[in-house]
Amino acid sequence: MSSLSRLLHRTFSTSPSKTPPQPNTMESLSAALYKERNLRTLVDKFKSSSDNPRFRTKTAIYDSTVRRLASAKKFRWVKEILEHQKQYHHDISKEGFTARLISLYGKSGMFEQAHKVFDEMPDLKCDRTVKSVNALLGACVNSKKFHKVDMLFRELQEKLGVKPDVISYNTVIKAFCAMGSFDSALSIVDEMEKKDVEPDLITFNTLLDGFYWKGRFVDGEKIWRKMEKSNVVPDIRSYNAKLVGLVSEKKMIEAVELVGELGSKGVEPDVQSYNALIRGYCKDGNLEEVKRWYGEWEKYDCAPDRATFATLIPFLCEKDELDWAFELCKGVITRRRLVDGAVLQVVIDALVKESKIEEAKKLAEMGKSNNYTRYKVKVPSQD
DNA sequence: GCTGACGGGG
């Protein structure tokens with residue numbers, strides 16, 4: 001590791017940083033202040049690091065920093081670090097760099113700012129092609145201004161004379177799917193065909209996701225057949241969308257069969273495939289199958305994630321499998337990403353209800369020492 | 001990484 005990468009890793013690593021021990025009183029306030037100071041330091045470090053041209057190519061760091069600031073609702077600081085980038089004239093005049101800023105504003109939900117950067121591009125001596133148009137469309141989607149996307153798409157074509165490519169169309173399709181306007185989404189596919197833009201794997205995956213997730217199984221199947229006819233080879237994301245469809249139709253046998261067949265299609269099931277099955281069996285209240293599938297993780301070298309536990313642990317509490325729930329929590333509590341405070345609280349409440357006070361206290365205590373501060377993790381008083 | 005588009009869940 002070079003010293004630059006070491007410094008970057010230390011400063012911008014997303015793994016939770018160790019918080020110093022805190023006094024019991026004013027605990028959450030002090031944690032909040034600590035976090036705030038941390039983020040402010042991050043902003044300053046980011047700005048000074050930006051002077052290094054090599055730093056400015058680190059897209060992952062830009063991404064994770066902006067994400068952290070936005071999720072803490074520090075939008076002014078997002079603006080501060082992104083506006084700061086405009087002084088690097090060499091970079092800002094390159095469309096890719098500016099498109100990245102637009103997209104980062106979008107991921108922070110700051111569509112107005114994204115649009116402003118786009119409007120400033122001529123002043124920044126930066127060309128606007130389909131690339132930055134797509135960045136702006138993507139920013140509109142990521143800021144959840146779905147209803148604006150189609151209009152923006154038409155306007156940009158007209159004003160700039162930019163010819164949309166497959167990415168532009170996919171972004172508009174995504175917006176229509178998010179709004180539940182499936183007919184409009186399909187009409188965009190027709191439009192693509194008329195303009196000789198071939199729908200690709202992402203086009204189909206976006207549609208499959210939209211339909212299967214919204215319980216439109218029959219339409220999902222239609223799209224699947226269209227995908228096959230277009231000689232687009234489905235990947236794991238396509239299959240996972242289909243799994244969600246099968247599960248919501250309560251076709252668990254077919255879902256399991258499909259997972260079994262994946263290998264022969266040259267596709268490996270992933271954590272999302274397993275979560276779909278576990279969710280299905282939890283919804284069915286089928287403890288036996290949930291148990292069986294949980295055991296399959298190791299076999300497929302596919303570790304359970306946050307979503308697995310968010311489904312599994314409350315289900316176990318419902319089914320009075322408290323010992324198992326307790327052990328699972330104990331096992332993952334030191335890895336905060338894997339179980340959040342709300343889930344932990346469900347287990348604590350269930351334990352208290354069954355008068356397993358010692359275990360409840362143990363979990364609350366472990367939660368506290370592992371800095372579960374965002375949700376209150378505590379044993380309710382028994383009266 | 002020559003920088004823009006699928007990944008949802010309780």
Side-chain angles (χ1 to χ4, degrees), chain A residues 53-63 85 91-92 94-107 114 117-118 126 128-142 149 153 156 162 164-175 177-178 185 188 192 197 199-215 223 227 232 234-241 243-245 247-248 270-280 282-283 304-318 339-347 375:
Chain A
R54 271 208 295 151
F55 177 85
R56 297 198 295 273
T57 67
K58 308 276 180 192
T59 59
I61 294 176
Y62 275 64
D63 232 76
Q85 306 299 314
D91 280 354
I92 202 74
K94 286 188 288 189
E95 190 182 10
F97 187 79
T98 308
R100 223 171 86 201
L101 297 187
I102 292 171
S103 148
L104 286 168
Y105 270 130
K107 287 173 184 164
V117 176
F118 184 83
C126 187
R128 288 188 297 195
T129 72
V130 68
K131 189 178 273 189
S132 45
V133 164
N134 288 345
L136 186 61
L137 289 172
C140 199
V141 169
N142 283 328
V149 175
F153 177 61
L156 290 172
V162 170
D165 64 8
V166 65
I167 295 178
S168 332
Y169 287 113
N170 287 349
T171 308
V172 179
I173 289 173
K174 165 88 184 167
C177 285
I188 299 291
M192 291 171 82
V197 178
D200 65 2
L201 181 59
I202 292 180
T203 315
F204 285 109
N205 282 350
T206 306
L207 289 164
L208 291 171
D209 259 358
F211 282 83
Y212 283 129
W213 274 93
K214 293 270 162 59
I223 292 163
M227 173 173 69
V232 171
D235 68 356
I236 188 59
R237 287 165 94 129
S238 332
Y239 285 109
N240 284 342
L243 275 175
V244 166
V247 164
S248 67
D270 65 7
V271 66
Q272 318 266 9
S273 330
Y274 286 96
N275 284 347
L277 290 182
I278 294 220
R279 253 195 332 268
C282 284
K283 253 192 211 138
D305 68 1
R306 194 186 176 84
T308 317
F309 292 119
T311 307
L312 180 62
I313 293 177
F315 175 72
L316 295 178
C317 292
E318 248 175 61
V339 59
D340 67 29
V343 174
L344 197 56
Q345 189 64 59
V346 169
V347 183
Y375 301 87

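Just so it is clear: chains get the letters A, B, ... in the order the sequence lines come, proteins before strands, and each one is counted from 1.
Minimum atom distance to the side chain of A:A60 is reached by B:dG1, of the listed B:dA5, B:dC6, B:dG1. Among the nucleotides B:dG9, B:dA5, B:dT3, the one closest to the side chain of A:I202 is B:dA5. Side-chain atoms of A:D209 lie closest to B:dG8 of the nucleotides B:dG4, B:dG8, B:dG10. With distances taken from any side-chain atom of A:F97 to the nucleotides B:dG9, B:dT3, B:dG4, the minimum falls on B:dT3. Closest contact between the side chain of A:K174 and the listed nucleotides B:dA5, B:dC6, B:dG10 involves B:dC6. Closest approach to the A:A307 side chain among B:dG4, B:dG1, B:dG9 is made by B:dG9 (side chain taken as heavy atoms from C-beta onward). The side chain of A:D235 lies closest to B:dC6, out of B:dA5, B:dT3, B:dC6. Counting only heavy atoms from C-beta on, A:V130 has its side chain closest to B:dG4 among B:dG4, B:dA5, B:dG10. The A:S103 side chain lies nearest to B:dG4 when the options are B:dG4, B:dG10, B:dG8.
When the C1' atom of B:dC2 is taken as reference, atom CZ of A:R100 falls 11 Å away, rounded to whole Å. In this structure, A:I61 atom CD1 and B:dG1 atom C1' are separated by 12 Å, rounded to whole Å. Note: CD1 (A:I236) to C1' (B:dC6) measures 13 Å, nearest angstrom. The CZ-P distance, from A:F315 to B:dG9, rounds to 20 Å in whole Å. Going from atom CG of A:N142 over to atom C1' of B:dG8 covers 14 Å, rounded to whole Å. Remark: P of B:dC6 and CG of A:L201 are 13 Å apart, rounded to the nearest angstrom. To the nearest angstrom, C1' of B:dA5 lies 10 Å from NZ of A:K107. Rounded to an integer number of Å, the gap from A:L208 CG to B:dG8 P is 16 Å.
Qualifying salt bridge (charged side-chain N to carboxylate O under 4.0 Å, His left out) partners for A:D63, counting only residues two or more places apart in sequence or in other chains: A:R67, A:K107.
A:V346 comes within 4.0 angstrom of no nucleic acid atom, judged by non-hydrogen atoms across all strands. Residue contacts for A:D91: at a heavy-atom cut-off of 4.0 Å it reaches no nucleic acid atom on any strand shown. Within the nucleic acid shown, A:V244 has no heavy atom closer than 4.0 Å to any nucleic acid atom. Within the 4.0 angstrom heavy-atom criterion, base atoms lie near A:T59. As judged by a 4.0 angstrom heavy-atom cut-off over every strand, A:L104 is placed among residues making no nucleic acid contact.
Between A:F153 and A:S168, some side-chain heavy-atom pair lies under the 4.5 Å cut-off. Looking at heavy atoms from C-beta onward, A:I173 lies in side-chain contact with A:M192 at the 4.5 angstrom threshold. With contacts defined as side-chain heavy-atom distances shorter than 4.5 Å, the pair A:L137/A:V141 does not qualify. Side-chain contact between A:D235 and A:N205: present, with at least one pair of heavy atoms (C-beta onward) separated by less than 4.5 Å.
Distances shorter than 4.0 Å separate none of the side-chain N or O atoms of A:K94 from OP1 or OP2 on B:dC2.
Residue side chain A:D340 reaches the base of B:dG10 through a donor-acceptor N/O pair under 3.5 Å, judged by distance alone. Interface remark: the A:D165 side chain does form a donor-acceptor pair with the B:dG4 base, using a distance-only criterion of under 3.5 Å.
Here the side chain of A:S103 pairs no donor or acceptor atom with the backbone of A:A99 at under 3.5 angstrom.
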